[in-house]
A.B. asks: 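Before I ask anything, here is the structure I am working with.
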Amino acid sequence: MKTQDPMAVELGNVISATRKKRGYSQEEFAYLIGISVRALSKIENGYNYPSLITASLISEFLDFSIDSIIKSSTNNPELHINVLFSQFLYYMDNIDYESYVKICKTANLLSSNIRKNTIYYKKYLFIKSWDYIIKNDIKSGYNLLNEAYKINIVKSEENQILDYRIFLIIQTIYPDLFKNEDEIIKASLLSIDILSNMLENLDSYPDLKMKYLYSILMISIENLEDYNISVKYLVQLIKISSLRNHLVTYYQSVFYRGLVNYFKGAKDFYTDLDNSLMYFFVSGNNDFFKHNIILIKNKIINNQCTFI
């Protein structure tokens, strides 16, 4: 029988107490958030963590934020880092910069209470590195990620997946450490080669493989302006993202497929551009939308291409 996780008990107790205060029975509340009574009971009793979607619904219906629990409690900071890390990955996947900047600030409040040389500290360093990367202090972010990657702890699947994530970002930002164009090209080719060699290890982790493929694609396009080296990776990326129903990555990939088709001379390239930009416009993802409108202007309109 699965035992209670001491770190999950605190969160479960808060959820249970707040639910009762709001006057919901377990049956009523489980129905509201779309899970079984048994699943809710396991969460409230500290046997399971809520998924990110479930945590968001719990927060919405009980009118409290997960962040408020984190800020108000000095107990079990490692529980809070686990919750923050899950949220952080979600916001990264959905390119929600404003939300994960807030998470960086909250994680910093917990840092002094997290044990060094643990997976929780590795997660903290991962989050903290983005505090620097967002501010374009690439070198500091790169150094923190390497520090996290070097932490040796008991081998587990969770730690292996975390190392894959850390390694991915290290290689993705490595070319950004250089200013000279020749050095950038050399570093980009090296990172692409290293990331490509890791792909076979990720067959059991399609979501991670998708991120590796996307990083290879971005390095190829943004640093090398090479729309041919990336085609085989783009095909894989579109297939995985569609199967995983990851709409953000799928439409990002479709957008770049449109650019690839443009440079290959395909006449229907604009269909992919229209579909992808419409998705990001409707979904309110203004950062991606605005950035790539500029990209289209620079790459296509300035080449006197006429949209039909």
A.B. asks: The criterion is side-chain contact (heavy atoms from CB on, under 4.5 Å); which residues satisfy it with Ser111, sequence neighbours excluded?
C.D. replies: Tyr124

A.B. asks: Kindly state each residue pair satisfying salt bridge (charged side-chain N to carboxylate O under 4.0 Å, His left out) with at least one member in residues 168-191, sequence neighbours excluded.
C.D. replies: none

A.B. asks: Does Arg22 come within less than 4.0 Å of Asp63, counting only side-chain N to carboxylate O?
C.D. replies: yes

A.B. asks: Please list, chain by chain and in numerical order, all residues satisfying side-chain contact (heavy atoms from CB on, under 4.5 Å) with Ile153, sequence neighbours excluded.
C.D. replies: Ile119, Lys122, Ile151, Asn159

A.B. asks: Mind checking ring pair (Phe, Tyr, Trp, His ring centres under 6.0 Å) for Phe281 and listing every partner two or more places apart, or none if nothing turns up?
C.D. replies: Phe289

A.B. asks: Restricting to pairs with a member in residues 233-250, which pass salt bridge (charged side-chain N to carboxylate O under 4.0 Å, His left out), not counting sequence neighbours?
C.D. replies: Asp207-Arg244

A.B. asks: Testing the basics here: between Gly141 and Ile173, what is the closest heavy-atom pair and its distance to 0.1 Å?
C.D. replies: C-CD1, 4.4 Å

A.B. asks: Are Lys128 and Tyr132 in a cation-pi contact, defined as NZ or CZ under 6.0 Å from the six-membered ring centre and within 45° of the axis?
C.D. replies: yes

A.B. asks: Check the pair Ser215, Thr172 against side-chain hydrogen bond (donor to acceptor under 3.5 Å, both in side chains), reporting the backbone distance first and the verdict last.
C.D. replies: CA-CA 6 Å; Ser215 288; Thr172 301; 3.1 Å; yes

A.B. asks: Without placing hydrogens or testing angles, list every side-chain donor-acceptor pair under 3.5 Å for residues 187-200, not counting sequence neighbours.
C.D. replies:
{"unit_1": "Ser188", "atom_1": "OG", "unit_2": "Ile184", "atom_2": "O", "d": "2.7"}
{"unit_1": "Ser188", "atom_1": "OG", "unit_2": "Asn223", "atom_2": "ND2", "d": "3.3"}
{"unit_1": "Ser191", "atom_1": "OG", "unit_2": "Gln171", "atom_2": "O", "d": "2.9"}
{"unit_1": "Ser191", "atom_1": "OG", "unit_2": "Gln171", "atom_2": "OE1", "d": "3.4"}
{"unit_1": "Ser191", "atom_1": "OG", "unit_2": "Ala187", "atom_2": "O", "d": "3.3"}
{"unit_1": "Ser196", "atom_1": "OG", "unit_2": "Ile192", "atom_2": "O", "d": "2.6"}
{"unit_1": "Ser196", "atom_1": "OG", "unit_2": "Tyr233", "atom_2": "OH", "d": "2.8"}
{"unit_1": "Asn197", "atom_1": "ND2", "unit_2": "Asp193", "atom_2": "O", "d": "3.2"}

A.B. asks: Looking at every non-hydrogen atom in both residues, tell me the closest pair between Cys104 and Ile127 and how far apart they are.
C.D. replies: SG-O, 3.5 Å

A.B. asks: The test is side-chain contact (heavy atoms from CB on, under 4.5 Å); show your working for Tyr120 and Asn82 and say whether it passes.
C.D. replies: CA-CA 7 Å; Tyr120 311 107; Asn82 271 341; 3.5 Å; yes

A.B. asks: Decide yes or no for Leu145 and Leu125: does some side-chain heavy atom of the first lie under 4.5 Å from some side-chain heavy atom of the second?
C.D. replies: no

A.B. asks: Show the nearest heavy-atom pair for residues Glu44 and Gln26, with the distance to one decimal.
C.D. replies: OE1-NE2, 2.9 Å

A.B. asks: Pairs in or reaching into residues 195-216: which pass ring pair (Phe, Tyr, Trp, His ring centres under 6.0 Å), with residues at least two apart or in two chains?
C.D. replies: none

A.B. asks: Do any pairs count as a side chain to side chain donor-acceptor pair (under 3.5 Å) and have a residue in residues 138-147, sequence neighbours left out, and if so which ones?
C.D. replies: Asp137-Ser140

A.B. asks: So, using ring pair (Phe, Tyr, Trp, His ring centres under 6.0 Å) as the criterion, who are the partners of Phe29 when residues are at least two apart?
C.D. replies: Tyr24

A.B. asks: Which residues satisfy the ring pair (Phe, Tyr, Trp, His ring centres under 6.0 Å) test with Tyr256, sequence neighbours excluded?
C.D. replies: none

A.B. asks: So, using ring pair (Phe, Tyr, Trp, His ring centres under 6.0 Å) as the criterion, who are the partners of Phe167 when residues are at least two apart?
C.D. replies: Tyr149

A.B. asks: Ala266: what forms a side-chain contact (heavy atoms from CB on, under 4.5 Å) with it, not counting sequence neighbours?
C.D. replies: Asn261, Asp268

